[in-house]
Number of protein chains: 2
Amino acid sequence: MTAKASSENARDIPEATVARLPVYLRALVTLSDAGTGTCSSEELAAAAGVNSAKLRKDLSYLGSYGTRGVGYDVDYLRYQIAREIGVTQDWPVVIVGIGNLGHALANYSGFRSRGFRVVALLDADPERHQEVVAGVDVRPFDDLEQIVSEQGVAIGVIATPAVAAQDVADRMVAAGISSILNFAPTVLVVPDGVDVRKVDLSIELQILAYHEQRKSQFGAQGVTA
Amino acid sequence: MTAKASSENARDIPEATVARLPVYLRALVTLSDAGTGTCSSEELAAAAGVNSAKLRKDLSYLGSYGTRGVGYDVDYLRYQIAREIGVTQDWPVVIVGIGNLGHALANYSGFRSRGFRVVALLDADPERHQEVVAGVDVRPFDDLEQIVSEQGVAIGVIATPAVAAQDVADRMVAAGISSILNFAPTVLVVPDGVDVRKVDLSIELQILAYHEQRKSQFGAQGVTA
DNA sequence: GCCAGTTTGTTCTCACGTTCACAAACTTTT
DNA sequence: AAAAGTTTGTGAACGTGAGAACAAACTGGC
């Protein structure tokens, strides 16, 4: 903790905005594919499922890419957001844990088409090392370090059982990975400088259950997210 | 939009707190399994990966379940949180779309053990109707209405391709489902009173990519979530 | 060239969420 | 029984996010 390291940089995009940029990007891709050349903040906001004031404010953090009285050029804005997120070039990704979920992730076409390339599938179980999933063959977990350094991997995905997740994370960090997407239902402890995002299926259901329970208690009351 | 329907109820738990309750619950289950009878807010906070002041404030919305100078009774607090979330009894759930991801979800043991029961797997493709996944057989999507009404299903999971998701959601809502967990990369439009939560794999990766890109630009600076 | 219409970018205000700090309430020791 | 030590529950300060509202900047018609 050297000092207040922040705020030297002009562009400080709020976290809430960063989380929405990929949604806008997807909406823009859809519009572009439909042949739309220009769109207003109102249209794009509708496509992204947010309110237009919020959309305009979010976009204003990136710069002034719209034209007053006209709207946004779809392809131009699409490129600017992709550049800001950093998905104009591909990110190599390793997936560890090739169970049911790992299979699904390896086969998910949305990764490839959105700036990510699965360069390796790793599993500790030797029985799986013969398998080929989505055109990539499953390799021993011990190959991690080699793959990470050779391919310059910065992002790792953990799809192992909960008990193994922390060990996998430790090895990933030691190997040089600095961003982890964790599907295992565990809290990961990582050093400063390493980002972790978690996706927890049962937590999402539990949140729904909470609201569902309340709906049935009193008059219906939705929290349409 | 009839009126400001809120605030008639005493217990109004903030959304941010609701999202963390399942995390606390999981930590408590782990502690309980390890034989721990009592824990302080500091310990539980560490296990849940949050700061202890936040934990205490979150718990205070539920009531006063701790003892000053002592801490929390693990099993008692566990029950109270489970009751508040509504997972003391099982919720029947239907999963629509039995592709790779649907398979993974159907096999996910974390649902069953955390208050959810997969009562049906539905898919529009007749080729899949012979399959049995995780002990449940795959049935035609058209059986939705019957299953929902017979089993009293309130929660639906969408694991279809993006193009089908909105149609599935519409059918679910019409059949009486009022909470949807959406894995398809689309913005769903639903009536008031229906909750939607979305899990988007590629968006999570894109958020990581954004931070990763900034790390390599300047001095390392983590946003350890 | 001016005026009416449109749409962005931004300011202001309010609500929500986080963290600190401490009094209240309990246990243990003397 | 009083004092010293713990730990919760909460009030108050601070920071972040959301939405309304409007000025600034553009287009197109006359």
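Per chain, numbering begins at 1; letters A, B, ... match sequence-line order.
Under 3.5 Å, the side chains of Y79(B) and R83(B) contain no donor-acceptor pair of N or O atoms.
Put simply, T67(B) has no side-chain N or O that comes within less than 4.0 Å of OP1 or OP2 on dT8(D). An OP1 or OP2 oxygen of dA21(D) is reached within less than 4.0 angstrom by no side-chain nitrogen or oxygen of R56(A). The side chain of Y61(B) places no N or O atom within less than 4.0 Å of a non-bridging phosphate oxygen (OP1 or OP2) of dC16(C). One finds a side-chain N or O of S41(A) lying less than 4.0 angstrom from the OP1 or OP2 phosphate oxygen of dT8(C).
Counting only heavy atoms from C-beta on, P14(B) has its side chain closest to dG17(C) among dG9(D), dG19(D), dG17(C). Listed candidates were dC20(C), dT7(D), dG17(C). Nearest to the side chain of A16(B) is dG17(C). For K57(B), counting side-chain heavy atoms from C-beta on, the closest listed nucleotide (dC26(D), dG9(D), dA12(D)) is dA12(D).
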Legend entry - Audit row: S179(A), D195(A), side chain to side chain donor-acceptor pair (under 3.5 Å) steps and yes/no: CA-CA 5 Å; S179(A) 289; D195(A) 285 356; 4.6 Å; no
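Comparing S40(B) and N51(A) by the nucleotide of DNA chain D that holds the closest heavy atom to each, the one mapping nearer the 5' end is S40(B).
For the pairing with V153(A), the side chain to side chain contact (heavy atoms under 4.5 Å, CB included) check across V93(A), L144(A), V148(A) returns one residue only, V148(A).
When rounded to the nearest whole Å, the span between CG of D58(B) and P of dT10(D) equals 13 Å. Between the CG atom of D73(A) and the P atom of dT27(D) there is a distance of 13 Å, given to the nearest Å. Distance L55(A) CG to dT8(C) P: 8 Å, rounded to the nearest Å. If you take CD1 of I13(B) and P of dC16(C), they are 15 Å apart, rounded to a whole angstrom. To the nearest angstrom, P of dC16(C) lies 12 Å from CD of E15(B). The distance from atom OH of Y65(B) to atom C1' of dA25(C) is 19 Å, rounded to the nearest whole Å. Going from atom NZ of K54(B) over to atom C1' of dC16(C) covers 13 Å, rounded to whole Å. Per the geometry, CZ belonging to R20(A) stands 12 Å off C1' belonging to dG19(D), to the nearest Å.
Here the closest heavy-atom approach between residue A19(B) and residue I207(A) is recorded as CA-CD1, 3.7 Å. Nearest heavy atom pair, residue V18(B) against residue P22(B), reads O-CD, 3.1 Å.
Side-chain to base pairing of R68(A) with dG9(C): no donor and acceptor N or O lie closer than 3.5 Å to each other.
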